[in-house]
Amino acid sequence: MTQASQPPNSGAPQRFPVVVVGAGPAGLTVGNILRAASVDCLVLETETREFIEQRPRAGVIEEWAVRGLEKRGLARNLLDRAELHTACEFRFDGERYRFPYGELTGRHHFVYPQPLLVTDLVREYADVRGGQIRFGVRDVRVHDVDTDRPSVSYTCPESSEHRVVHCDFVAGCDGARGVSRASLPPERVRVARHDYGIGWLALLAEAPPSADCVLFGCHARGFAGQMPRSPEVTRYYLQCPPGDDPENWPPERVWAELQERLGASGVPPLTEGRLVEKRVLDMHDYVVEPMVFGRLLLAGDAAHLVAPIAAKGMNLALHDAFLLGDALVAHLTGGDDSGLGGYAQACLRRVWDYQEFSQWLSEVYHGTAAGDPFRAGTTLARLRRLFTSPAAAAAFAEQYLGTAARY
């Protein structure tokens, strides 16, 4: 899906002030902000509503992001149902080390799986605020975004008709493989990319969490992590070679490695259960600049990807959406262009801050398994410092909670 100079033939064109491409957390948050201000918009999504409401994704939301959703009337179910986490636990050298960031900062994380948040946002946008949304669309293309008359075309799934929507702005919120990012002229785009050279086996287990918080296992055999999702379901990660085949990891091997890498003196074995998801993620980051090209404004994974190492991806998407939605409302209802003019710069400050923290944390997670005694030694020094230096602990807590960067 690439930019075309002219839209295809279709019936009578529609017009909306904003077309939002992609119905993930970023796109739906932008749509809700616009509808709350009585600005019409159209959301286009290639998947079905059922699919996006069930797609397994992240679950850790930082407190500032929840307050941003609450401010915009989008956090009612989240505040009622989310678990609150005030600590994490590192396990290394055969011991457990609890890091009580809630006690240090007075702040916490919310654990609320992304499918539940997307369900809430779709319901609020489409069923409560009367927003227009088209699911299952095909052949989405973005046109003429470098002019003052952009448009988006798509194929209707029911009729197979080509349709054209004219607009003032296109909000590109359709992820790394979507049409929005692909519509940018290659000669005008810089993609800064970092590959970690490792993979994570992402697992979803029908088993209760084996601890009341996130666990980070820094082990010579590789990193392992436990991320609670609900009382019945737990997300696990295992470091593996990049591009590894998930079929190389039968349940017996998975649980043996998890027990070994997350084991520590005085703790019971992990509670095992049926594995309902198993896929390999190759760890990499990227940042796309510019985030704004004419009337096309990128948000979320369309503009930047941060590996799940620090659980920052959904938080960055929400940060972009708050800024973009507010900026579009200010322009379309009051003629105030200051938000749009500063949008990319304001987003990228937090993006690069989170990218730097992800790189630092990656060395903490993976340095002991690098096969290099020097890296292993310096990694263990970093870990020990977190629990012996109040200044190091405060700096880590600030970045882990996302309170260092402001929007």
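Treat the numbers as computed from the prediction; the structure is a model and nothing was measured. Computation of the quantities below employed the complete heavy-atom set of this structure, encompassing side-chain atoms and omitting hydrogens, waters and symmetry-equivalent molecules.
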(message) Between the side chains of Glu363 and Arg375, is the shortest nitrogen-to-carboxylate-oxygen separation below 4.0 Å, so that they form an ion pair?
(response) yes

(request) Please report the closest heavy-atom contact between Cys240 and Leu201, naming both atoms and the distance. (result) SG-N, 3.7 Å

(request) Using distance alone, with no hydrogens and no angle criterion, decide if Asn315 and Tyr354 have a side-chain donor and acceptor under 3.5 Å apart. (result) no

(message) Students often mix this up, so state it plainly: with edges at 30° and 60°, are the rings of Trp200 and Tyr237 parallel, tilted or perpendicular?
(response) tilted

(request) Give a yes-or-no answer on whether the side chains of Tyr112 and Asp120 include a donor-acceptor pair shorter than 3.5 Å. (result) yes

(message) Using a strict threshold of under 4.0 Å (side-chain N to carboxylate O), is an ion pair present between Arg221 and Glu257?
(response) yes

(message) Less than 4.0 angstrom from a charged side-chain N to a carboxylate O is my criterion; do Asp244 and Arg253 meet it?
(response) no

(message) Can you confirm if the NZ or CZ of Arg261 lies within 45° of the ring axis of Phe223 and under 6.0 Å from the centre of its six-membered ring?
(response) no

(request) Indicate yes or no: does Arg67 engage Glu63 in a salt bridge with an N to O separation below 4.0 Å. (result) yes

(message) Angle between ring planes, Trp255 versus Tyr236, binned at 30° and 60°: parallel, tilted or perpendicular?
(response) perpendicular

(request) Is it possible for you to check whether Arg193 lies under 6.0 Å from the centre of the six-membered ring of Tyr286, through NZ or CZ, and within 45° of that ring's axis? (result) no

(request) State yes or no: are the ring centers of Phe99 and Phe396 separated by less than 6.0 Å? (result) yes

(message) Strictly below 4.0 Å, N to O, side chains only: are Arg72 and Asp326 in salt-bridge contact?
(response) yes

(message) Any non-hydrogen side-chain atom of Tyr196 less than 4.5 Å from a side-chain atom of His194?
(response) yes

(message) Under the side-chain contact (heavy atoms from CB on, under 4.5 Å) test against Met291, which residue among Leu296, Leu297, Leu184, Asp320 passes?
(response) Asp320

(request) Would you mind telling me which of Arg81, Glu124, Glu70 makes a side-chain contact (heavy atoms from CB on, under 4.5 Å) with Arg76? (result) Glu124

